[in-house]
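First comes the structure, then the notes that go with it.
Order of listing sets the numbers, starting from 1, for every ligand and every atom in it.
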Amino acid sequence: MEVIIYPDKEQAAAAAADYVAGQVKRNPYIVLGLATGETPLGLYKNLIEKNRKGEISFAKASSFNLDEYCGISADNENSYAYYMRKNFFEHIDIKLENTHIPDGSSENPIIACEQYERAIKGAGGVELQILGIGADGHIGFNEPTSSLSSRTRMKTLTEKTIGDNARFFGGDASAVPWHVLTMGIGTIMESEKIVMLAFGESKADAVAGMIEGPITAMLPASVLQTHQTVKVFLDEAAASKLKLAGYYKWVLSRKPIAEW
Ligand code: GLP
């Protein structure tokens, strides 16, 4: 894991966007794995700006989102489909038909999940996966004790995640669906490269566990320690519980090859 710590989330998001933009330039046909939540908003804003200026194009790219709530339609403003359109897709030149989000309103979620896995494989697999992390260490919606080899499937959210995500539902936890469709941890681990973003004090414990703790299904993100190429972009608050923060900064300041 490459741990990259910036003083604030704005600088971290800008650096992550430079890295992602470099990957898009290198392969205009890139298959992106995309995340939702508050954390990637700054990254998306920066990428939108680069697209607007003509620095990068998503015209040939395609995307697969990590997860979606069950039982709410793509037009519902709390759906991740809606989030992606409003916060990213409507502002860039990606073709909507090349974007994919698990079908949370499918009448047959088992088949929908199988089809999602096939679609990812059919596209040649995800080249660059963007991830955030839940305060309990979840990635996608893979809650603690999810199989580290799991595939896209339906999951039941923990009360903690329902409480955390209530802020997107006007603070009303009873409005947050209990069930979701999510790429599995095995699915996520097959992506070639991963960019993980985490900002704020509330993520500090999960981040410390992910980077410096034991690999355990109790903290799903810790499995990223076994992935070949993960870049973790943090602000100081999210990095505040890392024992080796000084070392990561030392390495970054002596980076032999500039990637962004
Ligand atoms: C949700 C999403 C995750 C996201 C996490 C953190 O549970 N399914 O993909 O990483 O929340 O969200 P936030 O960035 O809003 O803290």
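- More than 12 heavy atoms of other residues, nucleotides or ligands shown are found within 6.0 angstrom of CD on Glu97.
- For NZ of Lys9, the number of neighbouring non-hydrogen atoms (other residues, nucleotides, ligands) closer than 6.0 Å is 12 at most.
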Under a 3.5 Å threshold, I'd like every N/O contact between ligand 1 and protein atoms, with atom names and distance.
unit_1	atom_1	unit_2	atom_2	d
ligand 1	7 (O)	His138	NE2	2.8
ligand 1	7 (O)	Asn165	ND2	3.4
ligand 1	8 (N)	Asp67	OD2	2.7
ligand 1	8 (N)	Gly140	O	3.1
ligand 1	10 (O)	Ile133	N	3.4
ligand 1	14 (O)	Glu38	N	3.3
ligand 1	14 (O)	Thr39	N	3.0
ligand 1	14 (O)	Thr39	OG1	2.4
ligand 1	15 (O)	Glu38	N	2.8
ligand 1	15 (O)	Arg167	NH1	3.4
ligand 1	15 (O)	Arg167	NH2	3.0
ligand 1	16 (O)	Arg167	NH2	3.4
ligand 1	16 (O)	Lys203	NZ	2.6

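- For Lys241, the side-chain contact (heavy atoms from CB on, under 4.5 Å) partners are Glu201, Ala204, Asp205, Ala208, not counting sequence neighbours.
- Annotation for Leu181: hydrophobic cluster partners, listed by chain and number, are Met154 (ILVMFWY side-chain heavy atoms under 4.5 Å, direct or chained).
- Gln11 and Asp8 share a side-chain donor-acceptor pair at under 3.5 Å.
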With a 3.5 Å cut-off and sequence neighbours excluded, list the donor-acceptor pairs that the side chains of residues 63-72 form with protein atoms.
unit_1	atom_1	unit_2	atom_2	d
Asn65	ND2	Leu34	O	3.4
Asp67	OD2	Phe141	N	3.4
Glu68	OE1	Tyr80	N	2.8
Glu68	OE2	Tyr80	N	3.2
Glu68	OE2	Ala81	N	3.0
Tyr69	OH	Tyr80	OH	3.3
Tyr69	OH	Asn165	ND2	3.2

